[in-house]
Protein chains: 2
Amino acid sequence: MILKKGGSVENNMNAPVYTAASLKAELNEKGWRLTPQRETILQVFQNLSEGKHLSAEDLYEVLKADGEGISLSTIYRTLKLMARMGILRELELAEGHKHYELNQPYPHHHHHLICVRCSKTIEFKSDPILKIGTKAAQKEGYHILDCQLTIHAVCPTCQRALLPV
Amino acid sequence: MILKKGGSVENNMNAPVYTAASLKAELNEKGWRLTPQRETILQVFQNLSEGKHLSAEDLYEVLKADGEGISLSTIYRTLKLMARMGILRELELAEGHKHYELNQPYPHHHHHLICVRCSKTIEFKSDPILKIGTKAAQKEGYHILDCQLTIHAVCPTCQRALLPV
DNA sequence: AGAGTAGTTGATGATTATTCTCAATAAGTG
DNA sequence: CACTTATTGAGAATAATCATCAACTACTCT
Ligand SMILES: [Mn+2]
Ligand SMILES: [Mn+2]
Ligand SMILES: [Zn+2]
Ligand SMILES: [Zn+2]
């Protein structure tokens, strides 16, 4: 993975999302700071190819391999911070640990179909769902951060396997 | 909570769901067994009032209070088993632990709007979502178990609180 | 630019939800 | 009723995540 330092950053779908500057602005507005670690982590997610999702440990390893050593403490803190800011989405794609991806707005917004046996995940899009979710949040006065349809299912391979539940 | 022993069981919305007999049939078909513990746990969920969700610990306490002592080991095993069977849905309503509820079919199927700050949860219905989810799973040949829209947001109260993320 | 304030990091230890192990028990079968 | 084997319960083990705190540094204000 190539980390572009400084300047504006685009994601892999050619839709401009966050720049270091816009992240800094949003952080500072709340009295927080833009650190090199936070900027680096954002860039990793922005450069992540489509359909990829990272766990905390995954991110830790990616950064280590890139020569950017960031502590697991900071990784966990940053993932949670960015999820709460609405920059990242927190996904339950497998048992035991969370995965994260960039929270992309329409029209790149998507959902997940997950095999509960082998965790094979397929992404799919649906504009109506985003609309319905947005409306439901609005109706209750909630400020929406993320809206994700999760389908738990058994993939064709695992159906054939006839494994014990 | 009142646990009805034996006979057919109805949920709080007057829609017949699982009976002890139908659970037994489904279990035996796979070589599993219907135990008093499994039957009791199913009944707890069937008698749960609308909008309630139980964690493993919650369920453990409910059963203890009811004089039905079931070990935490069995609770965890049974929750996972029933979720994999599609009888229960596994929900991420709060940080740190899962919640469970009966996986009710249409027209009782519903979704969750969750405050990421205080975990206040609102349920809402949407038939189109269930249709979209079912179609997405079918298209990929996945055998659907559950289909849930999760909206992460900040509730009106927490918006006013201006708390640190 | 320099100083001060307070948010952030990284190392480490703590927590805790969930799983594993295994001997004792009991459900299903015929 | 006897047999096979899934299931239970107690306790230990695991692992993801969080808390703590001293050292560091981003930001703000002269
Ligand atoms: Mn995705
Ligand atoms: Mn619910
Ligand atoms: Zn699978
Ligand atoms: Zn709230």
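In what follows, chains are A, B, ... by sequence order, proteins preceding strands, each numbered from 1.
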Undergrad: Under a 4.0 Å threshold between the charged nitrogen and the carboxylate oxygen, would B/Lys80 count as salt-bridged to A/Glu95?
TA: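 Looking at A/Glu95 and B/Lys80, the cut-off is met.
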
Undergrad: Assign each of A/Ile70 and B/Ala56 to its nearest nucleotide of DNA chain C by heavy atoms, then name whichever residue's nucleotide is nearer the 5' end.
TA: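 Going by which nucleotide is closer to the 5' end, it is A/Ile70.
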
Undergrad: What contact category does B/Arg77 fall into here, base, sugar-phosphate, or nothing, at under 4.0 angstrom with non-hydrogen atoms?
TA: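 Base: the residue B/Arg77, judged by heavy atoms under 4.0 Å, touches a nucleobase.
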
Undergrad: Could you note down all residue pairs passing ring-ring contact (aromatic ring centres under 6.0 Å, His included) where residues 54-83 of chain A supplies at least one of them, sequence neighbours left out?
TA: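 Not a single pair qualifies under ring-ring contact (aromatic ring centres under 6.0 Å, His included).
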
Undergrad: What N/O pairs connect the protein and nucleotides 13-15 of chain C at under 3.5 Å? Give each pair on its own line.
TA:
none

Undergrad: Using whole Å, what does the distance between atom P of nucleotide D/dA16 and atom OH of A/Tyr100 come to?
TA: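 That distance rounds to 13 Å.
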
Undergrad: A/Glu57 or A/Ser73: which one's nearest nucleotide on DNA chain D is closer to the 5' end?
TA: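 That would be A/Glu57.
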
Undergrad: So do the side chains of B/His110 and B/Glu101 get within less than 4.5 Å of each other, counting heavy atoms only?
TA: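 The answer is yes; the side chains approach within 4.5 Å.
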
Undergrad: When you compare the protein's N or O atoms with those of nucleotides 13-15 of chain D, which come within less than 3.5 Å of each other, and at what distance?
TA:
none

Undergrad: Between atom CG of A/Leu59 and atom CD1 of A/Ile75, what is the distance when rounded to the nearest 0.5 Å?
TA: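 It is 4.0 Å, given to the nearest 0.5 Å.
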
Undergrad: Check whether any side-chain N or O of B/Asn103 sits under 3.5 Å from a backbone N or O of B/Ile87 as a donor-acceptor pair, and report yes or no.
TA: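 Flag not set: sc B/Asn103 to bb B/Ile87 has no pair under 3.5 Å.
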
Undergrad: Using whole Å, report how far CD of A/Gln37 lies from C1' of D/dA23.
TA: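 Value for this atom pair: 13 Å.
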
Undergrad: Using whole Å, report how far CG of A/Asn28 lies from P of D/dA26.
TA: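 The answer, rounded to whole Å, is 12 Å.
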
Undergrad: In terms of hydrophobic clusters joined by side-chain contacts under 4.5 Å, are A/Leu54 and A/Ile122 together?
TA: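 Not linked; separate clusters.
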
Undergrad: Report yes if a side-chain nitrogen or oxygen of A/Lys24 is closer than 4.0 Å to either non-bridging phosphate oxygen (OP1 or OP2) of D/dC27; otherwise report no.
TA: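 A/Lys24 to D/dC27 OP1/OP2: side-chain N or O found under 4.0 Å.
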
Undergrad: With sequence neighbours excluded, what pairs up with A/Arg38 under the salt bridge (charged side-chain N to carboxylate O under 4.0 Å, His left out) test?
TA: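 Listed in chain order: nothing, the list is empty.
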
Undergrad: Taking NZ from A/Lys98 and P from D/dA16, how many angstroms apart are they, rounded to a whole number?
TA: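 Going from A/Lys98 (NZ) to D/dA16 (P), I get 12 Å.
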
Undergrad: Rounded to the Å, how far apart are B/Lys80 NZ and C/dT18 C1'?
TA: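 Rounded to the whole Å, the gap is 8 Å.
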
Undergrad: Between atom CD1 in B/Ile75 and atom P in D/dT7, what is the gap in whole Å?
TA: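 After rounding, the gap between these two atoms is 16 Å.
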
Undergrad: I need the full list of side-chain hydrogen bond (donor to acceptor under 3.5 Å, both in side chains) pairs touching residues 140-151 of chain B, with sequence neighbours left out, sorted by first then second residue.
TA: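 Found B/Arg89-B/Asp146.
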
Undergrad: Counting the atoms with a prime plus P, OP1 and OP2 as sugar-phosphate, which does A/Leu72 contact under 4.0 Å by heavy atoms, base, sugar-phosphate, or nothing?
TA: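 If one applies the 4.0 Å heavy-atom cut-off, A/Leu72 turns out to touch nothing in the nucleic acid.
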
Undergrad: Could you tell me which residues satisfy ring pair (Phe, Tyr, Trp, His ring centres under 6.0 Å) with B/His111, sequence neighbours excluded, listed by chain and number?
TA: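 Here the qualifying residues are B/His109, B/Phe124.
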
